Protein chains: 2
Amino acid sequence: MKWLTGNTVDILTALNEDFRLTQEDNQQVEEQVRQIIRQVIQNGDQALKDYSKKFDQVELQELFISQETIDQGYQQVEKEVIAALEAAKENIISYHQKQKQHDFMDTEKTGVLRGQLVLPLARVGVYVPGGTAAYPSSVLMNVLPAKIAGVKEIIMVTPPSVNGVPDVILAAAKIAGVNKIFQIGGAQSIAALAYGTETVPKVDKIVGPGNIYVATAKKQVFGVVGIDMIAGPSEIGILADESANPTYIAADLLSQAEHDTLARTILVTNSISLAEQVEKDIYRQLESLPRKEIAIQAIKNHGRIIIASTIASMFTIMNEIAPEHLEVQLTDPISYLHEIKNAGSIFLGEYASEPVGDYFSGTNHVLPTSGTAKFYSPLGVYDFVKYSQVTYYTKEALAEVKDAITVLARKEGLEAHARAIEYRFD
Amino acid sequence: MKWLTGNTVDILTALNEDFRLTQEDNQQVEEQVRQIIRQVIQNGDQALKDYSKKFDQVELQELFISQETIDQGYQQVEKEVIAALEAAKENIISYHQKQKQHDFMDTEKTGVLRGQLVLPLARVGVYVPGGTAAYPSSVLMNVLPAKIAGVKEIIMVTPPSVNGVPDVILAAAKIAGVNKIFQIGGAQSIAALAYGTETVPKVDKIVGPGNIYVATAKKQVFGVVGIDMIAGPSEIGILADESANPTYIAADLLSQAEHDTLARTILVTNSISLAEQVEKDIYRQLESLPRKEIAIQAIKNHGRIIIASTIASMFTIMNEIAPEHLEVQLTDPISYLHEIKNAGSIFLGEYASEPVGDYFSGTNHVLPTSGTAKFYSPLGVYDFVKYSQVTYYTKEALAEVKDAITVLARKEGLEAHARAIEYRFD
């Protein structure tokens with residue numbers, strides 16, 4: 001792992017160089033995606049089938065996956081997996097229900113009513129990647145907040161495969177309450193959800209992670225439909241002092257590193273001896289990991305050990321990193337909550353290991369990555385609602401304020417705005 | 001105006017053709033913007049000055065606008081305008097304060113704590129267009145929700161002009177509490193806010209409407225920073241029955257039409273005689289409008305009168321349109337609130353004329369346009385906060401659920417995730 005030491009400013013400058021977010025410049029992919037979207041708009045289902053043949057090497061008769069196929073898939077999954085998914089579902093629901101928001105009405109001025117309605121989106125599309133990145137836990141995390149928000153129709157798309165969609169994905173979709181599943185992947189599936197085809201309904205918003213083609217397609221249809229955040233390399237940041245257990249820290253860093261060679265694993269500590277033990281333990285634990293090759297690349301290229309002189313500077317540095325996952329392995333961790341400014345999901349103490357949140361606690365595991373926790377939030381119920389403002393004025397209430405309105409309208413050169421008010425008093 | 005009649009399905013099909021949102025394909029602008037962003041990243045302030053000379057014909061010594069200049073501008077503005085802006089500010093604050101959200105903590109399971117923190121963004125950039133589109137009311141609408149959210153630093157950018165930034169814009173910025181103003185416009189100002197330069201601080205999110213270059217730049221930096229919705233042609237939809245006043249409806253439609261030749265004005269009614277009177281009144285009122293040429297284009301090309309047979313079908317059609325502004329000019333308008341599924345801002349009854357919301361009531365006038373109210377919300381306090389999840393487990397609580405976690409982790413092939421839990425119990 002690369003060590004960074006010195007004063008806070010130097011460390012932040014070095015990190016900024018290492019992790020700087022840059023405008024992705026991939027015009028070839030962008031142009032290819034633009035073509036795919038155009039084709040899907042023009043040729044609908046036929047375009048989807050053609051792309052499946054071309055990109056997935058699958059000749060599809062049907063895009064739609066029948067209830068029978070879903071039920072059969074569910075039956076094939078081990079009972080203990082089904083039970084674990086059901087238990088996770090219960091926790092996800094109980095956590096996300098607390099995110100539900102309520103309408104408000106304000107009547108503080110005579111004759112005036114102002115309010116805000118919280119309304120669910122009507123129809124949402126969820127992209128579920130194929131291959132080794134097909135995670136049943138992510139199906140629950142993407143679908144259940146939409147259900148709780150009151151979304152009536154949830155459409156899942158996932159790449160076709162000669163072996164069919166994995167049973168455990170079908171089972172997770174059934175458990176989560178997905179309404180329809182289509183076997184379509186890549187940019188073409190995003191186009192289908194954004195514009196609709198003969199069989200795929202147009203949705204209002206598309207969520208779920210995908211490869212570069214999926215991400216580029218989402219960015220291109222953004223505005224035609226809503227999209228969730230665009231996922232980049234994910235990361236874990238751990239704040240630890242000498243009281244922390246190096247074995248747990250090493251294990252948690254590796255759980256992030258095994259995802260992806262680009263995954264970032266960052267320890268910030270004021271204890272050099274802890275840092276040394278963690279690093280040693282990482283290489284020891286690595287040896288027997290099935291995904292050793294991935295994890296080792298991640299640790300070598302994107303692992304950082306940062307030595308800070310004080311707890312305060314540890315927080316300054318970590319807030320600048322704004323990690324997707326933040327573990328606080330300090331003595332009395334809860335006392336530091338107010339120091340955290342930017343983090344997707346915060347894990348306090350030595351038993352809140354990150355995988356607890358990935359699979360079970362009920363908090364969402366779809367989180368802002370690559371430092372975007374400075375402005376993005378975890379996926380939540382709030383992503384599946386929109387607000388409408390409500391205004392009512394009596395004639396008397398309008399009369400009282402009409403001069404202020406017409407003064408501002410005329411100052412902006414918008415005479416028809418002023419007259420719309422004045423006609424009411426002619 | 002174009003009339004649409006017939007059954008609901010036919011009307012919706014026709015509207016869909018007319019108003020269909022399509023993927024904007026402007027590769028020339030995209031490439032130009034990409035270059036501009038690259039230049040600003042490389043050359044910072046010098047690039048900004050070069051572009052000001054090239055695009056705005058202004059040679060700038062300083063990008064930053066001094067407090068003295070701002071105060072002088074404020075002094076130049078008519079007292080009644082200042083008073084109206086102050087009154088609007090008070091209403092905007094009192095409405096938006098109701099949007100503030102609170103942290104929550106959940107302790108329903110023994111040994112487990114889960115929660116959500118609501119944290120303000122640290123720094124926000126607000127784009128304010130120049131020329132005739134420089135609206136002081138929009139400065140208040142973009143800045144005040146960020147202040148209420150707790151954003152510490154609000155940076156405004158607005159195009160330079162040989163005559164300087166308009167006094168009323170400086171005054172509105174002062175009233176709203178903007179922290180710094182830079183005279184930079186176009187794609188280069190978005191690049192400066194997204195990446196930072198020697199004098200312009202990097203922000204976490206950029207809001208505010210702009211021309212095609214600004215909108216394209218925002219889309220390109222999306223992910224590096226947060227952005228608000230991308231604004232398209234704006235619209236008003238009015239639901240009216242025979243009890244409604246045609247003069248008011250005509251005036252309200254015109255107040256939208258005068259904005260822009262692309263503005264959409266849509267009346268949905270079950271009364272042919274009302275529709276006829278509205279149309280007649282529009283052409284009568286148009287005659288004396290200063291912005292007649294703009295309004296007439298909007299009305300002719302993007303005005304629609306839709307005749308529906310029932311109140312229920314009126315709502316079906318309007319929900320499909322999902323208007324930015326929706327006026328409900330029906331008898332007993334409040335009784336129909338539950339019928340509205342998609343609308344940015346709803347105005348009930350004949351005295352809640354749309355300009356009340358544009359200037360004064362305190363609800364936001366930055367709203368989802370072009371039918372995007374199906375998935376977007378008005379600008380609000382929620383746009384300037386992000387959430388962090390919090391999780392704490394005791395050893396005993398983790399012991400109880402560890403098998404479910406490891407089962408799921410191993411089913412997904414993520415052995416290091418399972419081991420991170422198991423190391424805690426070795």
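Predicted model only: the values in this text are computed from it and were never measured.
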Less than 6.0 Å separating the ring centroids of [X] and [Y]?
X: Phe104(B); Y: Tyr95(A); value: yes
X: Tyr392(A); Y: Tyr351(B); value: no
X: Phe375(B); Y: Phe384(A); value: no

task = For residues Lys109(B) and Asn91(A), report the shortest heavy-atom separation together with the two atoms involved.
result =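 Reported closest heavy-atom pair: NZ-OD1, 3.0 Å.
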request  = Of all the heavy-atom pairs spanning Pro378(A) and Gln389(B), show the shortest one and how long it is.
outcome  =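 Scanning both residues, the minimum pair turns out to be CB-OE1, 3.4 Å.
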Side chain from CB out, backbone as N, CA, C, O: work out which of these in [X] comes under 4.5 Å of a heavy atom of chain A, or both, or neither.
X: Thr406(B); result: neither
X: Leu85(B); result: both
X: Asp426(B); result: neither
X: Leu414(B); result: both
X: Asn342(B); result: both
X: Pro120(B); result: neither
X: Ala83(B); result: neither
X: Glu31(B); result: side chain
X: Ala409(B); result: both
X: Leu119(B); result: side chain

Would you mind checking which part of [X] comes under 4.5 Å of any heavy atom in chain B, side chain (CB onward), backbone (N, CA, C, O), both or neither?
X: Ile227(A); result: side chain
X: Gln99(A); result: both
X: Leu398(A); result: side chain
X: Ala134(A); result: neither
X: Asn364(A); result: both
X: Leu367(A); result: side chain
X: Glu422(A); result: neither
X: Asp358(A); result: side chain
X: Val112(A); result: neither

ask   = Can you check whether Leu337(B) reaches Leu117(A) side chain to side chain, under 4.5 Å on heavy atoms?
value =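 Side chain of Leu337(B) against side chain of Leu117(A), heavy atoms only: contact under 4.5 Å found.
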message = Is there a side-chain contact between Gln220(A) and Lys219(B) in this structure, where contact means two heavy atoms from C-beta onward sitting under 4.5 Å apart?
response =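 Answer no - side chains too far apart.
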key: Separation between CD of Gln101(B) and OH of Tyr382(A), rounded to the nearest 0.5 Å   =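 Reported to 0.5 Å precision, the distance equals 9.5 Å.
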query = Side-chain donor-acceptor pair under 3.5 Å between Arg419(B) and Ser288(A), yes or no?
reply =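 Looking only at side-chain atoms, Ser288(A) and Arg419(B) do form a donor-acceptor pair, the distance falling under 3.5 Å.
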key: Donor + acceptor pair across side chains of Thr247(B), Arg424(A) (<3.5 Å)   =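 No, Arg424(A) and Thr247(B) have no side-chain donor paired with an acceptor closer than 3.5 Å.
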task = Take Glu30(B) and Arg34(A) through the salt bridge (charged side-chain N to carboxylate O under 4.0 Å, His left out) test and state the conclusion after the steps.
result = CA-CA 13 Å; Glu30(B) 278 180 26; Arg34(A) 207 173 274 124; 2.9 Å; yes
request  = Report the C-alpha distance between Tyr359(B) and Glu412(A) in whole Å, list the side-chain angles of each, state the deciding distance to 0.1 Å, and finish with yes or no for side-chain hydrogen bond (donor to acceptor under 3.5 Å, both in side chains).
outcome  = CA-CA 10 Å; Tyr359(B) 289 115; Glu412(A) 294 188 353; 2.8 Å; yes
task = Please report the C-alpha distance between Asp106(A) and Lys98(B) in whole Å, then the side-chain angles of each, then the deciding distance to 0.1 Å, and finally whether the salt bridge (charged side-chain N to carboxylate O under 4.0 Å, His left out) criterion is met.
result = CA-CA 8 Å; Asp106(A) 160 35; Lys98(B) 298 228 157 48; 3.5 Å; yes
